[in-house]
Amino acid sequence: MDSIFDFFFKGNFFMKLLMLLYALFVSWFTNGQVHEIPDFQPKNQQLFEEILVMDATFFNAYNNCDLETQTKILSNDIEFFHDNTGLSTSKEDILNAIKKNICNKVTRTLIKGSIEVYPIHNYGAVEIGYHTFFNSQEPNAKSIPSKFITIWKKNEDQWHITKVISLH
C-alpha cells in the first residue's frame with residue numbers, strides 16, 4: 001500500500017499522470033492503425049481478363065482430361081512447387097501425374113472474386129487466387145479452399161505457365 005501512496009503523493013504527481021495518459025494514448029493510437037486490405041483493383045483490366053480466360057482454358061482442360069491443351073499451355077521449362085510434394089520441373093512428369101491422378105477423378109473450381117493479376121514487365125503476369133478441388137474417389141472429403149500463384153509468360157501471342165506455387 002505504501003508504494004501506491006508513494007507513487008501518487010511523492011514527487012511530481014502531475015508529470016506521472018501525464019506520462020501514464022501519454023502511454024495509454026500511444027497504445028490506443030497504434031492499435032488504431034490496423035487497416036483492412038482493400039478489394040483488388042487490376043492495374044490493367046485487359047491483362048486481368050486475358051489471364052482469367054487462360055486460367056479458365058487451362059482448368060477446363062484439367063477438369064476434362066484434355067492433355068493436349070494442357071501440354072500447349074504448360075511451358076517446357078515449367079517449375080511446379082507443391083507444398084506437399086515439393087518441386088517438379090519435368091513437364092512430362094507433371095502431365096503423367098495429371099493423367100494418372102487427376103483425369104476423371106478430380107475437378108478444380110475457382111473461388112469467384114479471389115483472382116488477382118499483376119503485370120510483370122517484359123515477361124507476362126502473376127496470378128494469385130483461391131480454388132477448391134473435388135476428388136470423386138473421396139466424395140466425403142471436405143474441399144478446403146487453397147491458395148495458388150501462377151506465373152504466366154507471354155511469347156508473341158501465346159501465354160504459357162512457367163511457374164506454379166500450389167498451397168493447400
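The first residue in the sequence is number 1, and the count goes up from there.
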message: Counting neighbours of NZ on Lys147 that are heavy atoms of other residues, nucleotides or ligands and sit closer than 6.0 Å, is the number greater than 12?
response: no
task: Could you tell me whether a side-chain N or O of Ser88 sits under 3.5 Å from a main-chain N or O of Ser90, the two making a donor and an acceptor?
output: no
field: Thr69: partners by side-chain hydrogen bond (donor to acceptor under 3.5 Å, both in side chains), with sequence neighbours left out
entry: Asp66
- line: side-chain contact (heavy atoms from CB on, under 4.5 Å) filter on His131, not counting sequence neighbours, yields Arg108, Phe133, Ser146, Phe148
- prompt: When Ile, Leu, Val, Met, Phe, Trp and Tyr are grouped by side-chain heavy atoms lying under 4.5 Å apart, directly or through other members, which residues fall in the same group as Tyr130?
  reply: Ile111
- request: Quick one: list whatever passes side-chain hydrogen bond (donor to acceptor under 3.5 Å, both in side chains) with Asn84, sequence neighbours left out.
  value: none
- line: Residue pairs passing the salt bridge (charged side-chain N to carboxylate O under 4.0 Å, His left out) test with at least one member in residues 122-135, sequence neighbours excluded, are none
Identify each donor-acceptor pair in which a side-chain atom of residues 94-102 lies under 3.5 Å from a protein atom, sequence neighbours left out, and give them as a table.
residue	atom	partner	partner atom	Å
Asn96	ND2	Glu92	O	3.3
Asn101	ND2	Ala97	O	3.2

- prompt: Can you pull the salt bridge (charged side-chain N to carboxylate O under 4.0 Å, His left out) pairs that have at least one residue in residues 114-124, sequence neighbours excluded?
  reply: none
- line: Residues passing the ring pair (Phe, Tyr, Trp, His ring centres under 6.0 Å) test with Phe134, sequence neighbours excluded, are none
message: Please enumerate all residues that pass side-chain contact (heavy atoms from CB on, under 4.5 Å) together with Asn44, with sequence neighbours excluded.
response: Gln46, Leu47
Acceptor/donor pairs from residues 158-168 side chains to any protein atom, 3.5 angstrom cut, sequence neighbours excluded:
residue	atom	partner	partner atom	Å
Trp159	NE1	Glu50	OE1	2.8
His160	ND1	Lys72	O	3.1
Thr162	OG1	Tyr123	OH	2.9
Thr162	OG1	Ile151	O	3.3
Lys163	NZ	Glu79	OE1	2.9
His168	ND1	His82	NE2	3.3
His168	ND1	Asp83	OD1	3.4

- request: Determine which pairs satisfy ring pair (Phe, Tyr, Trp, His ring centres under 6.0 Å) with at least one residue from residues 91-120, sequence neighbours left out, and list them in order.
  value: Phe40-Tyr118
task: Under the side-chain hydrogen bond (donor to acceptor under 3.5 Å, both in side chains) rule, collect the residues that match up with Asn64, sequence neighbours excluded.
output: Asn60
